[in-house]
There are 2 protein chains.
Amino acid sequence: MAPGTAVRPTEGKRAGKRAAASISLGVLDDRLGYFVRRLQVWIFQDFIRRLSRLDLSPAQFSVIVVIGANPGLSQAQLAATLGIERARLVRLLHRLEQRGLTERLRSSVDGRRHALELTRGGEKVLAEATRLAEQHENGLKEKLGAKRHAMLLEMLRALA
Amino acid sequence: MAPGTAVRPTEGKRAGKRAAASISLGVLDDRLGYFVRRLQVWIFQDFIRRLSRLDLSPAQFSVIVVIGANPGLSQAQLAATLGIERARLVRLLHRLEQRGLTERLRSSVDGRRHALELTRGGEKVLAEATRLAEQHENGLKEKLGAKRHAMLLEMLRALA
DNA sequence: TATTGTTATACTCTATAACTATA
DNA sequence: TATAGTTATAGAGTATAACAATA
């Protein structure tokens with residue numbers, strides 16, 4: 001399931017001297033971080049593949065989702081919500097603005113802030129991306145089993 | 001728990017025009033990938049902090065763990081086991097070799113392969129790193145609760 | 001003084017492609 | 001021809017620091 005896992009090293013067709021049955025993970029086998037990382041990489045790769053038509057990364061998707069759900073919020077608020085650096089958000093917004101999906105309006109209350117909005121085009125892309133992301137999520141449910149998927153989501157949401 | 005989550009945006013001390021109670025995650029709130037990513041980032045940050053004395057990244061740790069558990073394995077085997085690119089492994093091993101933790105020996109069976117080994121110093125660092133990683137894992141258990149930690153580990157291991 | 005958005009820097013990670021030497 | 005290790009490149013992500021405008 002995790003990337004590369006299915007592809008076991010060939011081990012030499014003639015069974016090398018060592019004849020290692022299979023590579024051991026050592027103590028990694030008891031490390032939650034290792035498996036969380038593997039699952040995260042797998043999920044992101046699947047997500048990127050599913051949304052390739054829209055050319056939207058998971059990070060870009062999360063940005064337009066949160067702007068769509070909270071129109072007018074500031075960059076600092078958005079960055080804090082997603083847990084990314086303000087500096088990184090600047091470049092993400094540059095790209096999204098170049099593509100005509102988002103816009104930064106002057107805040108009427110605070111001259112330092114930008115009020116973030118989706119354009120009409122941004123809303124359309126968000127709608128389509130949400131549809132594709134739902135297919136991705138359904139694929140996950142099939143792969144993990146609906147019960148495990150729900151348990152995982154509930155457990156992880158409680159931690160955030 | 002996830003990075004930045006604890007730090008809610010200030011929202012303006014005088015409660016801005018919008019008076020947004022709290023920022024909504026929109027559909028992200030039902031996305032497993034979003035929460036898996038947040039947890040993974042949090043775990044890695046904690047891991048890096050705990051092992052800062054040894055200056056070992058999660059990736060470097062995983063490399064010396066697997067070499068230690070499978071001495072003599074090849075780079076292709078190691079890369080496939082960890083799900084990373086062979087090209088990236090080359091640079092990881094350069095760094096570890098510079099620090100005197102690992103070595104690449106000629107394989108006696110196949111002139112193309114390197115047999116990877118830990119040096120004496122590498123074994124010492126691995127032992128100490130494993131000790132610190134165990135503290136990191138115990139911290140996780142406290143934070144998630146031992147029961148949830150065990151369930152998560154079991155579920156994720158089954159997927160890998 | 002503190003905050004918002006911005007620029008700049010450096011390092012890591014990811015994804016490729018191409019090269020060499022061995023098989 | 002195929003594989004193992006290597007080099008090179010480009011694009012993201014991460015972590016900082018510093019700056020101008022505004023509060």
Side-chain angles (χ1 to χ4, degrees), chain A residues 3-4 7 9-14 16 37-38 40-42 44-45 47-49 52 55-63 73-80 82-97 102-116, chain B residues 3-4 7-14 16 37-38 40-42 44-45 47-49 52 55-63 72-80 82-97 102-116:
Chain A
V7 190
T10 52
E11 212 75 59
K13 280 153 192 161
R14 302 160 299 146
R37 171 64 175 170
R38 295 295 296 243
Q40 182 260 305
V41 169
W42 189 91
F44 269 35
Q45 285 179 343
F47 185 94
I48 290 166
R49 193 176 53 74
S52 58
D55 192 31
L56 263 198
S57 69
Q60 290 173 322
F61 176 69
S62 68
V63 165
L73 89 169
S74 73
Q75 294 182 200
Q77 286 176 318
L78 178 52
L82 293 177
I84 63 180
E85 295 295 320
R86 273 177 310 157
R88 195 189 153 208
L89 182 56
V90 170
R91 277 168 306 183
L92 278 166
L93 289 173
H94 274 324
R95 177 76 61 94
L96 293 171
E97 207 164 306
T102 59
E103 47 189 355
R104 285 175 268 205
L105 307 174
R106 286 266 130 189
S107 165
S108 51
V109 244
D110 187 333
R112 295 170 300 183
R113 294 190 185 186
H114 289 166
L116 302 176
Chain B
V7 190
R8 267 293 154 65
T10 51
E11 211 77 58
K13 280 154 192 160
R14 302 160 301 146
R37 172 64 176 169
R38 295 294 296 243
Q40 182 259 305
V41 169
W42 189 90
F44 269 36
Q45 286 179 343
F47 184 94
I48 290 166
R49 193 175 53 75
S52 59
D55 192 31
L56 264 197
S57 70
Q60 290 174 321
F61 176 68
S62 69
V63 165
L73 89 167
S74 73
Q75 293 183 199
Q77 287 175 318
L78 177 52
L82 292 178
I84 62 181
E85 294 295 321
R86 275 176 310 156
R88 195 190 153 207
L89 183 55
V90 171
R91 278 168 305 182
L92 278 166
L93 289 173
H94 274 324
R95 176 78 60 96
L96 293 171
E97 208 165 306
T102 60
E103 47 189 355
R104 287 175 264 207
L105 308 172
R106 289 264 128 190
S107 166
S108 51
V109 245
D110 187 332
R112 295 170 300 184
R113 295 191 186 185
H114 289 165
L116 302 175

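Below, chain A is the first sequence line, B the second, and so on; all start at residue 1. The basis for the numbers below is simple: all heavy atoms, side chains too, and nothing from hydrogens, waters or symmetry mates.
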Whole-Å gap separating C1' (D:dA12) and CD1 (A:I84):
13 Å
Quick one: is A:H94 getting a side-chain N or O under 4.0 Å of the C:dT7 phosphate, OP1 or OP2?
yes
For nucleotides 15-21 of chain C, list the nitrogen or oxygen atoms of the protein found under 3.5 Å from its nitrogen or oxygen atoms, one pair per line.
residue, atom, partner, partner atom, Å
C:dA15, OP1, A:Q45, NE2, 3.2

Here the distance between atom C1' of C:dT12 and atom CZ of B:F61, to the nearest Å, is 19 Å
Results of side-chain contact (heavy atoms from CB on, under 4.5 Å) for A:A79 - residues two or more places apart only:
A:I84, A:R86, A:L89
Just to verify, what does B:S62 make a side-chain contact (heavy atoms from CB on, under 4.5 Å) with, not counting sequence neighbours?
A:L28, B:L82
With axes from five pairs an end, tell me the bend angle of the helix from C:dT1-D:dA23 to C:dA23-D:dT1, nearest 10°.
0°
Once side-chain hydrogen bond (donor to acceptor under 3.5 Å, both in side chains) is applied, do any residues pair with A:E97, and if so which ones, sequence neighbours excluded?
A:R104
Can you measure B:L89 atom CG to D:dG5 atom P for me and round it to whole angstrom units?
8 Å
If the condition is side-chain contact (heavy atoms from CB on, under 4.5 Å), which residues does A:F47 pass it with, not counting sequence neighbours?
A:L51, A:P58, A:F61, A:A133, A:H136
Residues in side-chain contact (heavy atoms from CB on, under 4.5 Å) with A:A59, at least two apart?
A:S57, A:R88, A:L92
Rounded off to whole Å, could you give me the CG-to-C1' distance for the B:L56 and C:dT12 pair?
15 Å
Counterpart residues, side-chain hydrogen bond (donor to acceptor under 3.5 Å, both in side chains), relative to B:E85 (two or more places apart)
none
Whole-Å distance between D:dG13 C1' and A:L93 CG?
16 Å
Determine, step by step, whether A:R37 and B:R37 satisfy the side-chain contact (heavy atoms from CB on, under 4.5 Å) criterion, reporting the C-alpha distance in whole Å, the side-chain angles of both residues, the deciding distance to 0.1 Å, and the verdict.
CA-CA 8 Å; A:R37 171 64 175 170; B:R37 172 64 176 169; 3.9 Å; yes
